[in-house]
Amino acid sequence: MPNAHITAPPRQFLPADFAVTTWDALQPYFETLQQRPINSSEELSRWLADISELEAVISEDACWRQIRMTRDTASKEYEEAFTYFCMEIQPKLQPYADALNRKLLDSPFTADLDPAQYFPYLRNVRKQVKLFSEKNIPIQAELSVMAQQYGVISGAMTIEVNGQEYTLQQAAKFLENPDRKLREEVFTKTGERRLQDREKLDALYSSLVSKRHEVAQNAGFANYRDYKFEELGRFEYTKEDCFQFHQAIREHILPLVGGALERQRQKLGLDTLRPWDGDAEPEGTKPLEPFKDGNELISKSIACFKELRPFFGECLEVMQEMQRLDLDSRKNKAPGGYNCPLAETGVPFIFMNAAGQMKDLTTMVHEGGHAVHSFLSHNLPLSAFKEYPMEIAEVASMSMELFTMDHWHLFFDNPEELRRAKLQQLERAIVIFPWIATIDKFQHWVYENPAHTTEERTAAWTRILDEFTPGNIDWTGFEHFRASNWQRQLHLFEVPFYYIEYGIAQLGAIAMWKQYREKPEQALDNYMKALSLGYTKTLPELYEAAGIRFDFSPAYVKELADFVQAEIDLLIKK
């Protein structure tokens, strides 16, 4: 069994006390690597190890700058430190990174690298060389800074409920309240608060789209979608596969979502569901409250992970000891949640906005799955081997959501509450698919039509949203909120085209859970084996190591959706 206690190996190339400060301090190390002769396979291996060490140090520094800024979006100091890296360091190291990539591909000793381990890495290097453009360096630097403005704008959003100020993440808990008038009030206030910044976010997104299109054209692509598919390393599937996936979701998942909404309507005893009714509990039923605050959330999560497999709990314990957790929601904290791998020290950082809700438990175990992936892949020899694609990264996190359900008694000592929690989780595993298809299809439209107006974008969003909405919810009088609902999704601003991965990985996670129901220990062994491979194998090979298929065909979508629906039906009958 691996040990969760990670000791960062001593530096071999950089001085032990070296810290990233200025480009002038970094440049000599890139110069040394660029000029160093490579006269044997052994020298190539040493050269790659030194590049890896340099990459890890720079990556960890950049990650800490971003972590600090998301934890306090009001801090000018943190914003300036992040901006300095994006504008003054990153652009200057990119030409050197390209030169080092070319040096690797030109070396005759590269042919001696074991393809069983190096194939994905070398494929990725060739892709980076193909995409590199000097003209894009300043634009990409600007894009990095611009994208972070989404967190600054969103992090400042608050509303008042019962005389108290809440972030929008904290206020969301009121949408579970049995008091329908209160739910409507909170829903309305949240929508109106978002509308205050609608034009600002529209303008920011239009600028991002314009600059991203310019990047694509500079690299020789017709549009940013085609460029981004290449940049994200989508070697195993195409845009046409995504379109087929959208179709499968519409045909096989949407009816199940409609059924879930109809059960919600009946449960609440309503004639018609309104937008504030989707998460609500009926009168006399308390909303699920799995924990009180971040401290209780982490202590219960550690116990839950330990019951599942001791190593998983140890990972979270190490993170707690090293203060690599920021869980509670607060004002001026960026929205969302993430697990940030830290390439040199190896122990990642979990950031989220917990407010005591069921969805926060899901977020915690989800990010905990990512953290386990970071621990398991840390001992791979090169930093590049740990930069695994999101289609497997999200299997790590989404599988953990489902694996841990058998241990949620630690959060819910009431059997009925535990049943409700599992039911919510399984319904969410299905309900998430149409939103994934909506966001993905919207991005295809946005970047295929980069010169669109704000009005055209709103019309396209509404049309696509309608396509993946079952029609059980009456939005009358609130259509203006729905028309800008896409602004809630930070991925559109910060990590474009990163979203379909959730759908592909959700299928993988359901397949992992199906395997777990049949052979629990074998499934966990396969899970750990696949994650420990990092990106030394292709996606189909990583899925195969996990004991599942890399497949999102309509037939497979239907098979797995039907499996989850059968499990939902069993919980409903309990």
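Only this structure's heavy atoms are used, side chains among them; waters, hydrogens and symmetry mates stay out.
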* Between F385 and Y535, ring centroids under 6.0 Å -> no
inquiry  = Ring centroids only, cut at 6.0 angstrom: are Y447 and H213 within range, meaning strictly under it?
reply    = no
Worksheet item: Got a salt bridge between D98 and K103, using NZ or NE/NH1/NH2 to carboxylate O under 4.0 Å?
Response: no
When rounded to the nearest 0.5 Å, the distance separating SG of C340 from CD of E367 is 10.5 Å
**Q.** R198 NZ/CZ over W486 ring centroid, <6.0 Å and within 45° of normal
**A.** no
Inset, instruction - Evaluate the ring planes of H246 and F468, with Trp represented by its six-membered ring, and classify them as parallel (under 30°), tilted (30 to 60°) or perpendicular (over 60°). - result: perpendicular
Side-chain ion pair, E567 and K422, N-O less than 4.0 Å: no
Check: Should the pair E230-R234 be classified as a salt bridge under the 4.0 Å nitrogen-to-oxygen rule?
Finding: no
Hits for side chain to side chain contact (heavy atoms under 4.5 Å, CB included) against K239, two or more places apart or cross-chain, chain-then-number order -> R225, D226, F229, F243, H444
Which class fits the ring pair F349 and Y338: parallel under 30°, tilted 30 to 60°, perpendicular over 60°?
tilted
Answer yes or no: is there an ion pair linking R428 with E401, defined by an N-O contact shorter than 4.0 Å?
yes
inquiry  = Under 6.0 Å from the ring centre and within 45 degrees of the ring axis: does the NZ or CZ of R549 meet both conditions for the six-membered ring of Y543?
reply    = no
Looking at D525 and K529, is there a salt bridge between them, counting it only when a charged N and a carboxylate O are closer than 4.0 Å?
no
Salt-bridge present (E60, K386; N to O < 4.0 Å) = no
- Derivation and outcome, side-chain contact (heavy atoms from CB on, under 4.5 Å), residues V215 and K211: CA-CA 6 Å; V215 164; K211 287 190 182 298; 5.8 Å; no
Answer yes when K441 and E467 have at least one side-chain N-carboxylate O distance shorter than 4.0 Å, and no when they do not. yes
- Taking NZ, NE, NH1 and NH2 as the nitrogens, is one of them in R309 or E521 under 4.0 Å from a carboxylate oxygen of the other? yes
